Protein chains: 4
Amino acid sequence: MSQRLRAIDDSEKAARRQSILDAAKTLYLADTSALPSVISIARKAGLAKGTVYLYFKTKEEIFLAMLSEDYQTLMIEVIKLLDAPSSPDELVDDLLTTLIRFLDDNPLFMPLASMASPVLEQNVEIKIVGEFKLMLIDKINLIDELFRKAFPQFPEGQCGSLLLHTNALILGLWQMQNWPEKLKPLQQQYPFNTVIPDFKKDLALSLKNLWKGALNSHT
Amino acid sequence: MSQRLRAIDDSEKAARRQSILDAAKTLYLADTSALPSVISIARKAGLAKGTVYLYFKTKEEIFLAMLSEDYQTLMIEVIKLLDAPSSPDELVDDLLTTLIRFLDDNPLFMPLASMASPVLEQNVEIKIVGEFKLMLIDKINLIDELFRKAFPQFPEGQCGSLLLHTNALILGLWQMQNWPEKLKPLQQQYPFNTVIPDFKKDLALSLKNLWKGALNSHT
Amino acid sequence: MSQRLRAIDDSEKAARRQSILDAAKTLYLADTSALPSVISIARKAGLAKGTVYLYFKTKEEIFLAMLSEDYQTLMIEVIKLLDAPSSPDELVDDLLTTLIRFLDDNPLFMPLASMASPVLEQNVEIKIVGEFKLMLIDKINLIDELFRKAFPQFPEGQCGSLLLHTNALILGLWQMQNWPEKLKPLQQQYPFNTVIPDFKKDLALSLKNLWKGALNSHT
Amino acid sequence: MSQRLRAIDDSEKAARRQSILDAAKTLYLADTSALPSVISIARKAGLAKGTVYLYFKTKEEIFLAMLSEDYQTLMIEVIKLLDAPSSPDELVDDLLTTLIRFLDDNPLFMPLASMASPVLEQNVEIKIVGEFKLMLIDKINLIDELFRKAFPQFPEGQCGSLLLHTNALILGLWQMQNWPEKLKPLQQQYPFNTVIPDFKKDLALSLKNLWKGALNSHT
DNA sequence: CATGAATGAGATTTCATTCAT
DNA sequence: TATGAATGAAATCTCATTCAT
């Protein structure tokens, strides 16, 4: 009945894989309260359910791939910062700006990153999870190297460690302030402002403390 | 097989509710890769499936209650610290010790806390989620008050804010170092030590920075 | 906590039983698409769920009792007709009038009678079902006797037999024209009028045929 | 165990649907006191529970389909009668014979027809119920037409109307004589014979009255 | 490769009925 | 007697995943 388009060569396969990722992203963006179902992703991508499983072994693998892409995008942004480095202080400011812009441009990054450990990594083949972790580590090591080229006075690993802590802070802060949509009324009703982190403000504050504290000790 | 008691008054009901929580905890402890099924929880508790649903509306509500208990336990520990306060510096050390011991004693706290935002809160009645949030806020405010009684030189909200950031750091750091069991071999094989946070060590470092930095500015 | 009113003597028990029947009737009247739940009946009657089971062994027993009451009411009406008999012909007209009025006054009779065989009798203790059947038979026999006192020319059993057929016709016709509420639009849209029985009209026609045919053969 | 075939095209799907109906029929035949459970039907058909729900939205839909089939079988029999019509009088006799044979060959027809209005139609999507009703009406209209071709002296709708009344009579009479199996002893013990309809005998009598009365008025 | 039918585990929900108190 | 907690069967529904075609 239907003419089955077949992805024969690798580039076609990659394209099909990407179309699945795009469909998944669109759907997840529309409702981040839960990962969209495979059938909805397949339909959005104009494919059959089974076809999705030719490209990803589990549903979570799709979203881990999506997170992986986002992380790589972010890392590239950070690497760009180190292309034209100025002073460590300015770098911190630039980093923060870059980060905030990235989060605004990639609204799925935080939801995905939150699910990574409790959901995604639990349902993805160990090999794939490993590759994801290694990719992150590679990039972090690369950034650390570039950083030391620009600022040789800092020891190996310092920048990488700061990146990890930065990531941890973002993750934790975001999850704490990510109240379910339906709880928003409550949020305004009570004087929570003192106790609920204001994500961007707190992030700015914390990161500056974190980075400047660490970097200044070597200046 | 089971005792088949009837929970008539409120204390008996609370006991039965607790027995469900205990059963769920035992099962989850045995395998943190996914929340145990409701039927397995019921069987473990010696109850019928229907009975579990008399006490909790959804499976996630069970685990949010469990997390709530853990948070309350932690808060009580922290409050105890403020009963006999010494100097701010010593307090930070004590806090860290307390925290580490708590995490060791309550191995489900971190997995549960990680799931709170992406999983638990998404599938629990908004009212219950609200109560959970309010409970946390109450405790944080209480601790903030006690803190200022002990150290009046610090402004209102400072301690609460530090607690939030502490929580964020714990959450983020834990999730980053929480590699799936099956990935552990990989973790040793590569020189990850430089880039994977060593949870306790990094936590110690970060918290000291965080708290001492903040507290010293008022001494 | 609550003061339990206890029905000690038989009249109190009968009253409580009746209050359950009343509650059930009210609820079923509000929605005849399904028998109301026991919990709703209990609440309506101001009783606990378990108490209902002290008076009726199953839910269906409640509704069989209700149907039994209705049948008895109907029989009494018919008996009244025979108190002041005129001619067989007039009797048929009176019977029809009485029947129509009864159905209007007792809107649950038809739904209940429809459920009797496929639902109620399947879920009521055989003893109770037997009593119900015997009650009906007794009344029919009584009516048959009274009829022959008034019109001796008719053989024993003729009137009883006619009553049974009357009942069968009512049952069958009613079920065929009892379209679900939500199907009513469809009913008007198509030219069903020729093929869907118009309950009262068809009933009148059929009954007159049935009775007059039978009775005239003996005049 | 099972063949695990895939129903790809429509005829295969119809076959699978039929296999579910067959399984349901077998089980219901073994115990007409209640509709068999979906899981038992699935197992009998060698299918998974979920598969049954691919073909029928509710359990009652299965049995309404079964009833629909039975009605269609019956209608076809009746249509056959009109292929080689003789006199109206003979037709009535043939109709009765056909009807009795049909009821003997399809022992589930009456139980199902009894449940149609109070149970089945209440729990089947309104659209499906409508289709069922329309099917019946179509067939009745068709028979009415054929009838008038054979016997032009009768007005339009007369035959259809008689069919409806016939159906009503069957329905009502059957329900009245359908005593629960366990009540049979009681049935013999008492002199019920005068008051309990003898289904086939009474049906014969009534139908002859009904049809001959109506048809003779036009001869 | 692509498809979508089939699977089956599991979450809820409902609710009649039982039974300890 | 009266209560309502507990039971457990069954209906639905959802959906990730498998696998015959």
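Quick note: numbers below take in every heavy atom, side chains included, and nothing from hydrogens, waters or symmetry partners. No experiment lies behind these values; they were computed from the predicted model shown.
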Enquirer: Would you name the heavy atoms of B:I62 and B:A24 that are closest together and state the gap between them?
Expert: CG2-CB, 3.8 Å
Enquirer: Which nucleotide in the set E:dA6, F:dT3, E:dA16 lies at the smallest distance from any side-chain heavy atom of D:R6?
Expert: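 Closest nucleotide to the D:R6 side chain: E:dA6.
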Enquirer: Check C:N123 against C:T58 and note the closest heavy-atom contact, atom names and distance.
Expert: O-OG1, 2.7 Å
Enquirer: To the nearest Å, how far apart are A:I20 CD1 and F:dA16 P?
Expert: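 After rounding, the reported distance stands at 14 Å.
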Enquirer: Measure from CD1 on B:I41 to C1' on E:dA11 and round the result to the nearest Å.
Expert: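 About 11 Å, once rounded to whole Å.
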Enquirer: Return the 5'-most residue of the pair D:I8, B:I8 with respect to DNA chain E, ranking by each residue's nearest nucleotide.
Expert: D:I8
Enquirer: Please report the distance, rounded to the nearest Å, between CG in B:D10 and C1' in F:dG4.
Expert: 14 Å
Enquirer: Rounded to whole Å, please give me the gap between CZ in D:F56 and C1' in F:dA10.
Expert: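 Rounded to the whole Å, the gap is 19 Å.
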Enquirer: Check D:L35 against D:K59 and note the closest heavy-atom contact, atom names and distance.
Expert: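 Shortest heavy-atom separation between D:L35 and D:K59 comes out as O-NZ, 3.5 Å.
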Enquirer: OP1 or OP2 of E:dA2 sitting under 4.0 Å from any side-chain N/O of A:R16?
Expert: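 True: A:R16 side-chain N/O within range (under 4.0 Å) of E:dA2 OP1/OP2.
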Enquirer: Between atom CG in A:L54 and atom P in F:dT18, what is the gap in whole Å?
Expert: 12 Å
Enquirer: Got a donor-acceptor pair under 3.5 Å from the side chain of C:K49 to the base of E:dT17?
Expert: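 Pair found.
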Enquirer: Taking for each residue the nucleotide of DNA chain F bearing the nearest heavy atom, is the 5' side occupied by D:I39 or by D:G50?
Expert: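 On the 5' side of the pair lies D:I39.
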Enquirer: Separation of A:E125 atom CD from F:dA16 atom P, in whole Å?
Expert: 18 Å
Enquirer: Taking A:K127 first and then A:E131, would you say they form a salt bridge - that is, a charged N and a carboxylate O separated by under 4.0 Å?
Expert: yes
Enquirer: Under 4.0 Å from OP1 or OP2 of F:dC19: is there any side-chain N or O of A:Y53 that close?
Expert: no
Enquirer: Could you work out which one of F:dG4, F:dA20, F:dA2 sits closest to the side chain of C:A48?
Expert: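 Closest nucleotide among those given: F:dG4.
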Enquirer: Please give me the minimum heavy-atom distance between B:E121 and B:F132, naming the atom from each residue.
Expert: OE2-CE2, 3.9 Å
Enquirer: Can you identify which nucleotide, out of F:dA16, E:dG4, F:dT7, has its nearest atom closest to the A:S37 side chain?
Expert: F:dA16
Enquirer: Under 4.0 Å from OP1 or OP2 of F:dT12: is there any side-chain N or O of D:N123 that close?
Expert: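 True: D:N123 side-chain N/O within range (under 4.0 Å) of F:dT12 OP1/OP2.
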Enquirer: Respond yes when some side-chain nitrogen or oxygen of C:T51 is under 4.0 Å from OP1 or OP2 of F:dT3, and no when none is.
Expert: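 So the side chain of C:T51 is within the cut-off, an N or O lying under 4.0 Å from OP1 or OP2 of F:dT3.
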Enquirer: So which of residues 57-64 of chain D are in contact with DNA chain F, with a heavy-atom cut-off of under 4.0 Å?
Expert: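 Under 4.0 Å from DNA chain F: D:K57, D:T58, D:K59.
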Enquirer: If I compare all heavy atoms of B:P118 with all of A:P118, which pair ends up nearest, and what's the gap?
Expert: CG-CG, 4.2 Å
Enquirer: Rounded off to whole Å, could you give me the CG-to-P distance for the B:D9 and F:dA6 pair?
Expert: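 After rounding, the reported distance stands at 11 Å.
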Enquirer: With rounding to the nearest 0.5 angstrom, report the CG to NZ distance, A:L64 to A:K133.
Expert: 9.0 Å
Enquirer: Just the rounded figure in Å: distance from C1' of F:dT21 to CD of D:E12.
Expert: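 Interatomic distance, CD of D:E12 to C1' of F:dT21: 9 Å.
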Enquirer: Where the side chain of C:Q122 meets the backbone of C:S117, is there a donor-acceptor pair that is under 3.5 Å apart?
Expert: yes
Enquirer: Which heavy atom in A:E60 sits nearest to a heavy atom in A:V119, and how many Å separate them?
Expert: CG-O, 4.0 Å
Enquirer: Out of the candidates B:I41, B:I39, B:L47, only one should pair with B:R43 under the side chain to side chain contact (heavy atoms under 4.5 Å, CB included) rule; please name it.
Expert: B:I39
Enquirer: Does B:A7 or C:Y55 map to a spot on DNA chain F nearer the 5' end, using the closest nucleotide for each?
Expert: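 Comparing both residues, the 5'-ward one is C:Y55.
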Enquirer: Go through DNA chain F and write down every stem, that is, every run of at least three consecutive Watson-Crick or G-U wobble pairs with distances under 3.5 Å, as range with range.
Expert: E:2-21 with F:2-21
